[in-house]
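Just so you know, these numbers come straight off a predicted model, no measurement behind them. Here is the naming used below: chain letters follow the sequence lines, and residue numbers restart at 1 for every chain.
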Number of protein chains: 2
Amino acid sequence: MSVDEHRRPTRVKRLPREVRERQILDAAVRVFSAHGYHSASMDEISDVAGVSKPMIYAYLGHKEDLFAACIRREASLLVEAIADGVAADANPDMQLWTGLRAFFRFVGEQRESWRVLHRQATSQGGPFSEELMGMRSRAISLVDALLVRSATSRGVPTKSTEAMAVALVGAGESLADWWLDHPDVPEKTVASWLMNLVWMGLGDLVDGASWLPADH
Amino acid sequence: MSVDEHRRPTRVKRLPREVRERQILDAAVRVFSAHGYHSASMDEISDVAGVSKPMIYAYLGHKEDLFAACIRREASLLVEAIADGVAADANPDMQLWTGLRAFFRFVGEQRESWRVLHRQATSQGGPFSEELMGMRSRAISLVDALLVRSATSRGVPTKSTEAMAVALVGAGESLADWWLDHPDVPEKTVASWLMNLVWMGLGDLVDGASWLPADH
DNA sequence: TCCAAGACCTACTCACGAGTAGGCTACGGG
DNA sequence: CCCGTAGCCTACTCGTGAGTAGGTCTTGGA
């Protein structure tokens, strides 16, 4: 035993850099998602990607760079999705509603991406989080802008809307994590729970009132 | 230069195990808080604690055990504080209010503890988080119970109150993190923002209504 | 046909950090 | 005064994983 023990079945062909980079990023997201930044090893990533380690260094740079690249790619997709949702001009509550739905839809469809974004990136205080925090800020700004627009220039203090945007985003993140463990709940339902919490408020909900989308 | 370069000033005396353990835990919280679980080295912790590494192993066990011990200690304090706040029997909104205030007071006073609890522990998917997740669950349960009690047995689905409790806790965590970067805002103010968000809801706030504590 | 460039690999080096072996010293009880 | 025990340390081992040196093979153009 051992003659030719390492033969790769007709070596998967040489591929253009572009393709390899995507493969590597995909692999990296999976591995980072599974183990977290520190515990993920470049060896495992190269393994999953089906290339050798030096390729990663040649194409995407060091571990930090690679991680940042993952964050950038995934976060852009998420923020874009939300922004598109909110964009449709309508009442504040409908804007928030479509934004929330876009957010939960993304999380539902891209669980691994979400794990990387939320669980891993927020924790590592290092230079990575720059990337992520920038995106998170964009999300917060979206919400903040919505709040400011809504509060018809009553003398609402700037900081309070910002803080509420932060709280709302945090609520979304937390609920999204919970949802990972309760996949049976439909996306629309989760979204409506959060919508009711932040739009109606517990005070109203306790009294039996609730918010419903004014669809068609 | 270098004669005696390592003289410790009259060696700080031998101390009973009890005291050393507290010193080590204190140091561990600081270091974990500063660098995160993985990047924190046992060497640095022993250094900060003013003892040698083997002492840590002798008293608190391996790195994981040490981390778990930190979590356990800090989380207990936090949950206790919140539970005490909520305990005072009163209306649901006042219960929530006192709970929130207790939470933010803890965060304000124990910033490093909070960092360890939130930033570090939630990220590491390992066996550590067991400890932390248990505590977080207790917090969520507190809120959930409050919600269930409030919703006067109208047919509110269990899952929705649980989910809302999760969202609320997430909002609190997120806002607490934001607060770390805006220390000028008084504790009571932050608490009232969150209170308004979740009790009144954006719908009411947009209309200019707001919640105020019914104090004295 | 030859060469340059780019895809791709094996097989290392090297630092760092967890965990340990094997001590030494102070103190309290017999 | 002697010894057991508990506080405490220096100085290691050893695995793991980031990052690299230095090549090979293939393809397309001159």
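Rounded to an integer number of Å, the gap from CZ of B/Phe32 to P of C/dG17 is 13 Å. Between B/Tyr59 atom OH and D/dC9 atom C1' the separation is 12 Å, expressed in whole Å. Atom pair B/Asp47:CG and D/dC9:P shows a separation of 11 Å (rounding to whole Å applied). If you measure from atom CG of B/Leu15 to atom P of C/dA26, you get 14 Å, rounded to the nearest angstrom. Distance, B/Met55 CE to C/dG23 C1': 14 Å, rounded to whole Å. D/dC8 atom C1' lies 15 Å from atom CD of B/Glu21, rounded to whole Å.
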Expected list for residues 96-109 of chain B: side-chain donor-acceptor pairs under 3.5 angstrom, two or more places apart:
from     : atom 1 : to       : atom 2 : distance (Å)
B/Thr98  : OG1    : B/Gly85  : O      : 2.9
B/Thr98  : OG1    : B/Met94  : O      : 3.1
B/Thr98  : OG1    : B/Gln95  : O      : 2.9
B/Arg101 : NE     : B/Glu187 : OE2    : 2.8
B/Arg101 : NH2    : B/Glu187 : OE1    : 2.9
B/Arg101 : NH2    : B/Glu187 : OE2    : 3.3

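Look at B/Arg20 and you'll find a side-chain N or O under 4.0 angstrom from OP1 or OP2 of D/dC8.
Under the salt bridge (Lys or Arg N to Asp or Glu O under 4.0 Å) criterion, B/Glu21 pairs with B/Arg17, sequence neighbours left out. Judged as a side chain to side chain donor-acceptor pair (under 3.5 Å), and not counting sequence neighbours, the contacts of A/Asp93 are A/Trp211. Residues satisfying the ring pair (Phe, Tyr, Trp, His ring centres under 6.0 Å) test with A/Tyr57, not counting sequence neighbours, are A/His62.
Residues A/Asp47 and A/Lys53 are not paired through a salt bridge, judged by the lack of any N-O separation under 4.0 Å between the basic side chain and the carboxylate.
Listed by first then second residue, pairs satisfying side chain to side chain donor-acceptor pair (under 3.5 Å) with a partner in residues 71-80 of chain A read A/Asp26-A/Arg73, A/Arg72-A/Glu131, A/Glu74-A/Ser113, not counting sequence neighbours.
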query = What string of B, S and - do you get for nucleotides 17-26 of chain D 5' to 3' if you count protein non-hydrogen atoms under 4.0 Å?
reply = -BBBB---BS
